[in-house]
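Some notes on the structure that comes next.
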Amino acid sequence: MAGKHSDYSEGGPAKRQKTTEMDPKDNPYLAHWNENGDDGFHSNGVSHAPSPLSKLQRHQTTVKTAVDAENGKYNPFTGQAFSKRYLSILKTRKDLPVHAQRQEFLDMYQKSQILVFVGETGSGKTTQIPQFVLFDDLPQHDGKMVACTQPRRVAAMSVAERVANEMDVKLGEEVGYSIRFEDMTSSKTILKYMTDGMLLREAMNDHELTRYSTIILDEAHERTLATDVLMAMLKELTLRRPDLKLIVMSATLDAQKFQRYFNDAPLLAVPGRTHPVEIFYTPEPEKDYLEAALRTVLQIHATEAEGDILLFLTGEEEIEDAVRKIKLESDEMIREADAGPMAVYALYGSLPPAQQQRIFEPAPPPRRPGGRPGRKCIVSTNIAETSLTIDGIVYVVDPGFSKQKVYNPRIRVESLLVSPISKASAQQRAGRAGRTRPGKCFRLYTEAAFKKELIEQTYPEILKSNLSNTVLELKKLGIDDLVHFDLMDPPAPETLMRALEELNYLACLDDDGNLTVLGRMASEFPLDPALAVMLVSSPEFFCSNEILSLTALLSVPQVFVRPNSARKRADEMKNLFAHPDGDHLTLLNVYHAFKGEEAQKNPKQWCHDHFLSLRALQSADNVRLQLKRIMEREEVALMSTPFEDKSYYENIRRALVSGFFMQVAKRDANGKTYTTVKDNQPVLLHPSTVLGQESEWVVYNEFVLTSKNYIRTVTGVRGEWLLDIAPGYYDIDSFPKGEMKTALTRLKERIERRAKMKGGR
DNA sequence: GAGCACTGC
């Protein structure tokens, strides 16, 4: 029988063949599995009838046994009597669309090692499928777990909480979650929701993912970097581990692509539960999408029935500007046309959480009894497309653009570019109008443009990113042959070459592409390779404590706050922390002040007074602690140069070079502009820098491509350090003839002269 | 003299 699996063997194929024919009871590896009490059932010490699941055989259960257990008096996973709340939730759960296809799901799950599951919004897939799996996979019988990955932390947390309630267990016990900074699981856990990045981390240390019996990749259509790497890795792992089951859950559009990728795995589709959304296109292309968007919003407000509006724009500035204009115009409509009141909210990622929460305030009431109803209008970035769900939206205005990351491997630069969205994205946006009742979506482009000009899917992350981090992870995962690693969308060879080259320069990979000791250590840190290498090397410069703080500060959002209304004061405050040698040292000054006695008396007030982001600094603190623990584990020494020592700051700047020697620019002959070493890109110091033009050589943290080419977070270094600390990269012979080569040659001669003078004394 | 779409470890 093809569908019968007996998957407990750890032996080779011959042994597996044998066990499929064997009664599982006779399997020596399973000696314990049918014994009462060995399945966690009586773990609370309360003695009831044995769990109805204890006698079942893995992957041979029926829907009936599961439903009987769910409808029983006692919780089959804890042995406790079910609560009243459980019964009431159970009733609503049974109404979810997935329940109608439970048998179908079970048949396919039992028959096939890999399954592609397509569930629309509202189908209940994220909460129900993992539970269906539990009743058949029975991970508790041999101490394994079912994992369900999510692209975002909040989703992992909130879904775990929901499912713990549904299963009538305490969150963190049978059902838990695991995300960065928080492991809410225990030895009892049999269902674990986690971020995809977290599962990838685990895989780096356990290539076989032995703790899991089934892995569910949810929201696979979002194609995050971690999901893409996991898919390829799991595709290989399923061959090595026939006992491991894999379910890939996705939205409809690209289901067949997933199916093909997984060797024509069976596909199960379950309808969702949403309301119809009527789509309107403009008859002619719009010249100015911003103007058209404002016009459309106001027109909806004037002519359409009650219901809230969601407008998608591309970024903070554009959004704040639109909010101002809509407010002005709608106030005028109240005065001139007796329109209803309209509350307008901005929504984007860098907004403080309290302000993000305001979008959930109810729409304003009519201005007088019987007057025109009020509504709210939310002007948002893509954050409202997937990450945040707002109920009550009836009208969506979609100009068809978003900021998207673009990677140029030639000059190694990631930048954000306003670009047309994909069809999938447009569909997702429209869907936001139909969550509570039928809605309307106004697309500010023609139907022909939608059909002919929009790409089907947004390009997956892996095609838009610098892959040095990913390549390091793959090496740590034990994947040596990157060229034949079967990714769903393989990146351009040049991108991979660039990543390998970069890792080689960082000494994370040797010339044969093998992980070095440094590379292995760097991969332990949740950091970009340059930052990780800088951190691991920092004891050589006697300042690992300071580099640790700096690394944390560089991995959190912007620390300095600069509201439009108080730019001057904000700049003055920043100048209090300014260090003449650059922005890195300035950041460090901020952190030290933040950790100082005065600031800690009232951090919130202190940050507010100094125009600093409390959230960013706290998060840096959190990251710092995590990195410090890894340093201790990896035995990277923590040390500081005494502050009185005159080389305190110099040591830090030298340590910076050890990680960022590839991000160096040299001042041009004109004394104003800069040019990046090796890529020869003309750049300017970002206006936010504390640095003047006094440094001939600077390291930079970030290349920002906006109205001009800027380098941001910049610190001055001495040219000699480059040759001294990164001689492999600054191999003068490898530079083409030109200004850069001349400058480096001069540096080298200076070093040699100095050495001679010292030697001659 | 400027702008950080969104995630994740």
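All chains are named by letter (A, B, ...) in the order of the sequence lines, taking the proteins before the strands, and each is independently numbered beginning at 1.
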Give a yes or no on whether a salt bridge exists between A:Glu696 and A:Arg667, defined as a side-chain N under 4.0 angstrom from a carboxylate O.
-> no
Taking for A:Tyr710 and for A:Asn382 the nucleotide of DNA chain B with the nearest heavy atom, the one nearer the 5' end belongs to A:Tyr710
For A:Lys405 and for A:Leu527, locate the closest nucleotide of DNA chain B by heavy-atom distance; then report the residue assigned to the nucleotide nearer the 5' terminus.
-> A:Lys405
Students often get this wrong, so: under 4.0 angstrom with heavy atoms, is [X] touching a base, only sugar-phosphate, or nothing?
X	value
A:Lys708	sugar-phosphate
A:Tyr348	sugar-phosphate
A:Ser402	nothing
A:Gln404	nothing
A:Asp528	nothing
A:Arg567	base

Check the distance between [N]'s [atom2] and [X]'s [atom1] and give it to me in whole angstrom.
X	N	atom1	atom2	answer
A:Leu347	B:dA5	CG	C1'	12 Å
A:Leu531	B:dC9	CG	P	17 Å
A:Phe401	B:dC6	CZ	P	18 Å
A:Glu317	B:dG1	CD	C1'	13 Å
A:Ile383	B:dA5	CD1	P	11 Å
A:Arg223	B:dG8	CZ	P	19 Å
A:Asn466	B:dT7	CG	P	21 Å
A:Asn575	B:dG1	CG	C1'	14 Å

Looking at the side chain of [X], which of [options] is the nearest nucleotide?
X	options	result
A:Asn469	B:dA5, B:dG8, B:dC4	B:dG8
A:Arg152	B:dG8, B:dG3, B:dA5	B:dG8
A:Ser350	B:dC9, B:dT7, B:dC4	B:dC4
A:Glu461	B:dA5, B:dC4, B:dG3	B:dA5

Show every donor-acceptor pair shorter than 3.5 Å between a side-chain atom in residues 681-688 of chain A and any protein atom, with sequence neighbours excluded, or say none if there are none.
{"from": "A:His686", "atom 1": "ND1", "to": "A:Ser688", "atom 2": "N", "distance (Å)": "3.1"}
{"from": "A:His686", "atom 1": "ND1", "to": "A:Ser688", "atom 2": "OG", "distance (Å)": "2.8"}

Just jot down the side chain to side chain contact (heavy atoms under 4.5 Å, CB included) partners of [X], sequence neighbours excluded, or say none.
X	answer
A:Lys257	A:Arg223, A:Asp254, A:Arg260, A:Met488, A:Asp489
A:Leu548	A:Leu535, A:Arg624, A:Leu627, A:Lys628, A:Met631, A:Leu638
A:Val397	A:Thr296, A:Val297, A:Ile300, A:Ile309, A:Leu311, A:Leu444
A:Glu572	A:Lys568, A:Arg569

Taking atom types as modelled, find out whether A:Asp218 and A:Thr126 have a side-chain donor-acceptor pair closer than 3.5 angstrom.
-> yes
Please report the closest heavy-atom contact between A:Ile462 and A:Pro491, naming both atoms and the distance.
-> O-CB, 3.9 Å
Using a cut-off of less than 4.0 Å, is there contact between a side-chain N or O of A:Thr381 and OP1 or OP2 of B:dC6?
-> yes
Within the pair A:Arg153 and B:dC9, is there a side-chain N or O less than 4.0 Å away from OP1 or OP2?
-> yes
Which residues within residues 176-183 of chain A lie with some heavy atom under 4.0 Å of an atom in DNA chain B?
-> A:Ile179, A:Arg180
